[in-house]
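First up is the structure itself, then whatever we jot down about it.
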Amino acid sequence: NNPPWPAYRGYHEYSFAHATMQSRLPTILGKAIEDATRTLNEQSSEERIVDLVACIDRMGELMTDLSGNAKLRPIIDDGEADVALWNKEIAKYFQGKDFMNAPWLFAEAYKYRRLHECFSVSKFFHDYDVFYRQKCDTFSRSSDAVFELSMRFADPFKIAEDLSAEGKLEAERLMFLELTQVCLWGNATDLSLLINMTEEQIKSLQSTGGDNLAATEKNILGNHLNGLWDTVKVLRDRTGGRVDFVLDNAGFELYCDCVYADFLLQSGLATQIRFHGKRYPWFVSDVTKKDWEWLLNTLVYGQLFPQASDVELESLRRLGTRWKQYEKEGKWVYEQHPFWCTGYTFWDLHSEAPDLFLHLSRSDLVFFKGDLNHRKLTYDCAAPASTPFDVAIGPMASSAGAPKIASLRTIKSDVVVGLGSDGDTTAEKLDAKEPGWKISGKYAVVLLSEGRPG
Ligand code: F6P
Ligand code: MG
């Protein structure tokens with residue numbers, strides 16, 4: 001049950017797979033070792049010090065394996081819920097494969113699983129997140145965009161009473177389109193590509209809609225925004241729908257996701273939102289439960305923005321308080337299925353995690369955020385850019401019970417589909433004119449699959 005196109009692999013020098021496996025991943029791991037060393041130097045108890053030194057030694061071994069292109073060994077049984085899934089996949093498909101000749105998607109995910117293993121077998125540091133400092137720090141340096149949104153959306157969303165029914169629907173449509181773009185471009189702040197961002201870089205990545213909207217929409221190369229609105233606007237008629245977000249990055253992107261989810265609830269388009277995060281640190285900036293809690297609590301109680309005015313801080317507190325209330329009332333639910341931290345693509349979701357597939361099939365619409373989720377949906381293979389999205393995602397569109405799926409993704413890697421019938425020409429032109437277009441994050445896709453009733 002595979003697509004007819006080859007998956008990208010680390011030895012494909014023409015692809016971003018090569019640069020990632022060869023230099024990005026060792027750099028990320030090096031930074032992670034620096035972080036753990038910093039924590040080590042803050043410890044006082046001998047037991048904890050010895051325990052953390054062992055974690056750092058294991059990271060050193062992983063670095064040797066990665067840079068020496070070692071064969072992929074099974075994952076140690078550290079009691080995690082995903083060990084069996086990992087070792088089954090390794091045994092079935094990747095016996096004897098190494099970091100460079102295994103499919104890129106798998107090898108990259110495997111590296112994050114091995115990194116987790118360095119800590120999961122330890123006594124005191126099994127939950128340690130080597131990326132946590134970086135995630136919190138980048139959000140604290142995002143104040144401009146954070147307040148721009150909070151000042152606009154702290155007040156509950158309301159449509160002017162004096163508008164006709166048509167006028168109201170139009171106002172709601174425009175707000176939906178704007179916030180979908182906010183949610184989309186929130187994906188540009190992924191820390192795995194931008195290590196040590198300056199304030200200026202952060203700002204330029206954080207588009208918050210407004211005047212910029214028409215210009216940024218031009219960069220959405222595969223654009224199903226209108227179809228998405230048609231899907232969402234009818235949810236209310238079924239006394240509100242359930243919408244799921246398969247989350248990507250913590251901090252600013254998660255904040256944008258929450259602003260969007262808040263709008264969907266307030267406007268009555270959805271009545272319940274389910275957020276799916278990761279069980280442990282993943283691809284640098286992905287959301288874990290701790291990141292989720294940190295965001296909501298920091299908005300209410302934190303002191304991240306010493307320069308902000310009282311009105312600005314109040315707007316954040318109001319957002320955070322409302323969001324925490326949604327959680328208490330069960331309108332927002334945070335979940336973390338083990339499947340999300342495996343090396344499987346979503347072509348295997350229905351067979352390897354049937355419970356999760358069934359769960360998602362009960363949703364009215366599932367948003368998949370970001371580049372990695374998009375690679376997983378599309379098998380991370382060399383499909384032509386004209387391939388229709390529902391063909392590219394295979395069983396996630398064609399299996400009985402497949403939910404409606406929307407992928408909101410800024411393009412950061414090789415696989416690009418859903419650009420329409422002349423998509424191959426569009427891609428060729430960009431290849432000639434702007435060689436780095438597939439990894440810059442400047443372009444995006446908003447793609448919709450209608451799913452298949454069960
Ligand atoms: O494709 C480049 C890349 O950095 C991958 O290594 C990773 O899949 C992805 O981008 C991370 O981006 P996102 O956070 O949007 O999934
Ligand atoms: Mg990510």
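Sequential numbering from 1 along the given sequence is applied to the chain's residues. Remember, it's 1-based here, ligands and their atoms both numbered in the order they're listed.
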In terms of atom number and element, which parts of ligand 1 are under 4.0 angstrom from non-hydrogen atoms of [X]?
X: R375; value: 1 (O), 5 (C), 6 (O), 7 (C), 8 (O)
X: D248; value: 13 (P), 14 (O), 15 (O), 16 (O)
X: F16; value: 2 (C)
X: N187; value: 15 (O)
X: E108; value: 5 (C), 6 (O)
X: G370; value: 15 (O)

Does [X] approach ligand 1 within less than 4.0 angstrom via side chain, backbone, both or neither, non-hydrogen atoms only?
X: N249; answer: side chain
X: Y112; answer: neither
X: R24; answer: side chain

(request) Specify which N/O/S atom of D286 comes nearest to the Mg ion (ligand 2), by atom name. (result) OD1

(message) Determine whether F153 and F263 satisfy the following criterion, ring pair (Phe, Tyr, Trp, His ring centres under 6.0 Å), listing intermediate values before the conclusion.
(response) CA-CA 9 Å; F153 296 105; F263 161 75; 8.1 Å; no

(message) Measuring from atom 1 (O) of ligand 1, which candidate in I439, I411, D371 has the nearest non-hydrogen atom?
(response) D371

(request) Would you list the pairs meeting side chain to side chain donor-acceptor pair (under 3.5 Å) in which at least one residue belongs to residues 57-68, sequence neighbours left out? (result) D65-R114

(request) Check whether any N, O or S atom of N249, backbone or side chain, sits closer than 2.8 Å to the Mg ion (ligand 2). (result) yes

(message) I'd like to know: is the Mg ion (ligand 2) within the 2.8 Å range of an N/O/S atom from D248, strictly under that distance?
(response) yes

(request) Please say whether K412 places an N or O atom under 3.5 Å from an N or O atom belonging to ligand 1. (result) yes

(request) Please say whether L372 places an N or O atom under 3.5 Å from an N or O atom belonging to ligand 1. (result) yes

